[in-house]
Novice: 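Here it is: the structure, laid out below.
Protein chains get the first letters and strands the later ones, always in sequence-line order, with residue 1 at the start of each. Please read these numbers as outputs of a predicted model, since none were measured by experiment.
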Amino acid sequence: SIASVGQKWEQKQVQIKTLEGEFSVTMWSSGVDE
Amino acid sequence: SKPSQVVQPQPPTVPPEPVASPNCLPPPESTVDLEGTFSWSVSYLEDSNFKAVPVSCFRHAPMSECWEQMSAGMKVEVACGEEGVTKDAFWVATVVAIAGYKAKLRFEGFVEDSSKDIWVDLCSEEVHPVGWCATQGRPLIPPRTIQHKYRDWKEFLMRRLTGARTLPTNFMSRVVESQKSRFRPGLNVEVVDKNRIAQMRVATVTEVVGKRLHLRYHGAPPDDNGFWCHEDAPIIHPVGWSREVGHEIVASQSYHEKCISGTYDPNDAPPELFAITPIPSNFHSSKMNFSEGMKLEAIDPLNLSAICVATVMKVLHNNYLMIRIDSYESDNTCSDWFCYHATSPCIFPAGFCEMNNITLTPPRGYEGQFSWFLYLKKTQATAAPPALFYREVPSHGFEEGMALESADLMDPRLVCVAKVKQVKGRLLKVHFDGWESDFDQWIDYHSPDIYPVGWCDMSGYRLEGPKSQAPKR
């Protein structure tokens, strides 16, 4: 679960492109960005 | 130069070394020959007994500080390879296992089917955070085996990716950043003379691979192949260090004059580039100190499989000690003394081996069961007080049987496939796969000479594979 991942994770919108079209999803990204 | 005939693991072929130029200019080409480098195969990685030491256990390793966040369930984008509908098709995959820097990936849509799983280097350019393909204008295309499973992959991906974890967008730049060395070719350092360990020499960095430095000794003969060590190794020091602490050094007259005057040039590596020796909090509060003649136990610098009875031969400035192993043949030349810092994790109080069930190499000529009590009485010496030793044992995560990559410190050019054979507090006994136990090496868990599985691949350093037929010593 996300709760067990800890505080170093942040939510972000990720753009995905497929042959059927583009869309965005909400994913968790590790805080390596920091 | 070795008191005992220690046969070292050698690669099947030794690449020719470039000829050292008199003024120690960097060689024109890399001395690392990657031909025949060992790759951790699927049979290794998927063996039910295989367990790699986690990257986060190696504090000096790239990405170590954030590796705990890399775990099974994470989604990435990766080239489909043979499964690709087109040559350069990418698809989303889930990390199903991690071993060092390597990750086993399963393409989304394969559910429980592991037949197309692939092992990749997680830090390589073939793996990307989810969303990378879109930024490149590339559509994600499902692998050929599962292409028929869904009519609308968009809906499938939306369901699979929402709320899932992926790598940060700047992951690759962080990887590159964490691999950068503080050193550059051309810098001068002081380093232990590999041919006479009691003295230092001046050397120039000629190559840096994965923070391992190739050094050429000044004044070395043309056929000398130099020396490799990690930039955090305790055997390299800034220009002027030997003079500061009172260590013997072989150098030109002009070098000595430079150290006296303190007028260094831009190619002399400054102190801030070197690893800081950790000083335990209680170190300065102790009223006792090491003194000449004190006995202790120490890892034999010329045979790292042995922990031996040893003597403090000289106390240098800044808490450096010259230690001699008592089992060496006596030659009265001081050539086999070796410098350890008082806080080194490679020296131990008398009784350490007995307490940890480790075989202690007794002094030369000692017959029968070794007794510290009798030996101290016989030599009229005192044992260095246990309070002087740095024995902090943190929870380091290394476990017996775990795989890693380790430099062979008897020939530190070689980084070999290895396993943790024993754990004694913070001390690890590293076993080189396929080699007899005589070649094992005692190494501190914090040593910069041990690396996670996949480090060589990631760093462009040659990895020596296991030896199938170990020679008898």
Side-chain angles (χ1 to χ4, degrees), chain A, chain B residues 62-77 85-86 89-92 95 108 122-123 128-142 147 150-175 177-178:
Chain A
S1 72
I2 297 304
S4 66
V5 173
Q7 298 173 334
K8 289 184 177 177
W9 293 82
E10 56 192 31
Q11 259 188 327
K12 66 173 185 178
Q13 285 297 114
V14 177
Q15 194 71 15
I16 308 291
K17 184 174 180 174
T18 65
L19 292 173
E20 292 86 16
E22 286 195 41
F23 60 96
S24 74
V25 289
T26 305
M27 294 189 77
W28 291 90
S29 162
S30 79
V32 175
D33 304 84
E34 298 156 21
Chain B
M63 303 301 283
S64 166
E65 73 286 353
C66 58
W67 205 258
E68 277 183 349
Q69 295 162 37
M70 307 298 149
S71 58
M74 183 177 267
K75 313 282 183 191
V76 295
E77 289 180 354
V85 174
T86 60
F90 274 71
W91 189 238
V92 177
V95 174
E108 278 300 330
L122 207 42
C123 294
H128 302 278
V130 174
W132 178 82
C133 281
T135 65
Q136 304 296 307
R138 293 160 170 259
L140 291 165
I141 306 169
Q147 222 175 14
Y150 294 94
R151 189 176 294 267
D152 186 0
W153 284 100
K154 187 176 154 186
E155 191 274 331
F156 169 83
L157 284 181
M158 203 177 284
R159 192 159 35 83
R160 295 290 297 165
L161 296 178
T162 300
R165 286 169 287 137
T166 190
L167 300 168
T169 45
N170 67 345
F171 183 70
M172 191 43 67
S173 62
R174 278 295 299 265
V175 170
E177 192 62 33
S178 69

Novice: Can you confirm whether more than 12 heavy atoms, excluding those of B/Glu68, are under 6.0 Å from its CD atom?
Specialist: no

Novice: What is the minimum heavy-atom distance between A/Ser29 and B/Pro168, and which atoms define it?
Specialist: OG-CA, 3.2 Å

Novice: Not counting sequence neighbours, which residues clear side chain to side chain contact (heavy atoms under 4.5 Å, CB included) with B/Arg151? List them please.
Specialist: none

Novice: Measuring from A/Phe23:CZ to B/Met158:CE, what's the distance to the nearest 0.5 Å?
Specialist: 5.0 Å

Novice: Check whether any side-chain heavy atom of B/Leu161 sits under 4.5 Å from a side-chain heavy atom of A/Ile16, and report yes or no.
Specialist: yes

Novice: Over all heavy atoms of both residues, which pair between A/Trp9 and B/Gln69 is shortest? Give the atoms and the distance, please.
Specialist: CZ2-O, 3.2 Å

Novice: Throw together a table of side-chain donor-acceptor distances under 3.5 angstrom for residues 134-142 of chain B, partners on residues two or more places apart or in other chains.
Specialist:
residue	atom	partner	partner atom	Å
B/Thr135	OG1	B/Trp132	O	2.5
B/Arg138	NH1	B/Asp88	O	3.1

Novice: Quick one: are A/Lys12 and B/Thr166 in side-chain contact, heavy atoms under 4.5 Å?
Specialist: yes

